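Computed from a predicted structure; not experimentally measured. A note on names: the letters A, B, ... follow the listed sequences, proteins ahead of strands, and every chain is numbered from 1.
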There are 2 protein chains.
Amino acid sequence: MSKNTIPDSETRATAEHAKDLRLWLRMLACTNLIENHVRARLRSDFDITLPRFDLMSQLERSPQGLKMGELSKRMMVTGGNVTGITDQLVREGLVVREDSPKDRRAYIVKLTAEGRKSFRRMAEAHEDWMVGLFSGMSETQRDELYDLLAALKTSAAKAAAKR
Amino acid sequence: MSKNTIPDSETRATAEHAKDLRLWLRMLACTNLIENHVRARLRSDFDITLPRFDLMSQLERSPQGLKMGELSKRMMVTGGNVTGITDQLVREGLVVREDSPKDRRAYIVKLTAEGRKSFRRMAEAHEDWMVGLFSGMSETQRDELYDLLAALKTSAAKAAAKR
DNA sequence: ATGGATATTTGCAGCCTTAAAATATCAAAA
DNA sequence: TTTTGATATTTTAAGGCTGCAAATATCCAT
């Protein structure tokens, strides 16, 4: 009997294995749910895509502007990618590329006045959506989740770095 | 003084607002980190994309097969999409479309023997990656995270449904 | 001045996505 | 039985994001 109540290390390892997978799948489902919702609303309400919103969001946090490479790093996408997204935003008059005074190879991307105004409006709505999406959780739960995600970020970053 | 230590409801609401946003951004960062890692490894190790892997994963969990519409619902993507992904997998001999005996409009998609074999191999590696990515968290932390995500899923699903 | 990094852009090819129109079939009402 | 409205799926078309590799331009240390 005790042989079955206390799983051997092999069984135990497999069970832990499956648990991590379920954990990930649940997390992915949550994120997709929220992300899809946000994408849809950004499109329907503001006619903008998530990557473009993200880029503007990075710039808003760095009023002095960011180099393309910095954007690439922060957004975790390749450089060629940032070029395309930036092009589009420039076309729409929401951001500008300025020559870097220090480095003639580099551009510094900044929000335009209109871009800043536009972003603020979207960010406000975005925050409201978030409040709504998380409103079913208690403040304690949200705080705990926030802390656990910090632990996860550390763990995953470390593991992803190897290899 | 006490005027500053106890924020009025306006300030408080704004602070809570910002917290939800930060929580989401952190969650998104975590998910992207893991997802990008998984995508990269699926591609480099098995030459497959995440959506295709996901579709096979759904089928593995439903050995009796699934209709296109069910796949669409479970994967949270549009129907036209499932068609494309399925086409590709059929071309590679990993899944088959069988006519539904009940409903002549519908197909039932199933893994082929090769598809099942192929998926099992990938799933094993996938699980190992997960174990690695979560290994920096204690079992307690992972359990807590799992439960909190359940709460989030409920909360977000409810909020997303409105509208 | 030379050679090796660095910052970006470009072009390519693949994939995913939505949206709307087209097919085919089902199921129930008239 | 015919009609009609819903359902299941595909097709088509247009738009965007993505990574990767090659091409440019510039920087910096030797």
Take atom [atom1] of [X] and atom [atom2] of [N], then tell me their distance rounded to the nearest Å.
X: A/I85; N: D/dG15; atom1: CD1; atom2: P; answer: 17 Å
X: A/R39; N: D/dG16; atom1: CZ; atom2: P; answer: 14 Å
X: A/I48; N: C/dT18; atom1: CD1; atom2: C1'; answer: 18 Å
X: A/L42; N: D/dG16; atom1: CG; atom2: C1'; answer: 15 Å
X: B/Q88; N: D/dT11; atom1: CD; atom2: C1'; answer: 17 Å
X: A/R52; N: D/dT18; atom1: CZ; atom2: P; answer: 11 Å
X: A/M75; N: D/dG19; atom1: CE; atom2: C1'; answer: 15 Å
X: A/M76; N: D/dG19; atom1: CE; atom2: C1'; answer: 15 Å

Determine, using ring centers only, whether A/F53 and A/F46 are less than 6.0 Å apart.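 No, they do not, as the ring centres are separated by 6.0 Å or more.
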
At under 4.0 Å, does any side-chain N or O of [X] touch on OP1 or OP2 of [N]?
X: A/T49; N: D/dC17; answer: yes
X: A/R43; N: D/dG15; answer: no
X: A/R104; N: D/dC27; answer: yes
X: B/T78; N: C/dT18; answer: yes

Using a strict cut-off of less than 4.0 Å between a Lys/Arg side-chain nitrogen and an Asp/Glu carboxylate oxygen, indicate whether A/R142 and B/D20 qualify as a salt bridge.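 Looking at B/D20 together with A/R142, the answer is yes, because their closest N to O distance falls below 4.0 Å.
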
Thinking salt bridges, do A/R74 and A/D54 make one under a 4.0 Å N-O criterion?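 Salt bridge absent between A/R74 and A/D54.
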
Does any residue of residues 24-36 of chain B have a heavy atom under 4.0 Å from DNA chain C, and if so, which ones, in number order?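 Those residues: none at all.
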
Enter the distance from A/L33:CG to A/L28:CG here, rounded to the nearest 0.5 Å.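 Here the rounded value is 11.0 Å.
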
Reported CD1-to-CG distance for the pair B/I108 and B/L59, which is rounded to 0.5 angstrom: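 Taking CD1 in B/I108 and CG in B/L59, the distance rounds to 11.0 Å.
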
Distance to the ring centre below 6.0 angstrom and angle to the axis at most 45 degrees; does that hold for B/R26 and A/Y146?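 Flagged: B/R26 positioned over aromatic ring of A/Y146.
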
Are the side chains of B/R43 and B/I48 in touch, meaning some heavy atoms are under 4.5 Å apart?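 Sidechains of B/I48 and B/R43: no contact.
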
Any non-hydrogen side-chain atom of B/S57 less than 4.5 Å from a side-chain atom of B/E60?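 No. Closest side-chain heavy atoms not under 4.5 Å.
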
Report, as yes or no, whether the 6.0 Å neighbourhood of atom CZ on A/R91 holds more than 12 heavy atoms from other residues, nucleotides or ligands.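 Enclosed: over 12 neighbouring heavy atoms sit under 6.0 Å from CZ of A/R91.
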
Could you run down the sub-3.5 Å N/O contacts of the protein with nucleotides 7-13 of chain C?
residue, atom, partner, partner atom, Å
C/dT8, OP1, A/M68, N, 3.2
C/dT8, OP1, A/Y107, N, 3.3
C/dT8, OP1, A/Y107, O, 3.2
C/dT8, OP2, A/G69, N, 2.4
C/dT9, OP1, A/R97, NH1, 2.6
C/dT9, OP2, A/T83, OG1, 2.8

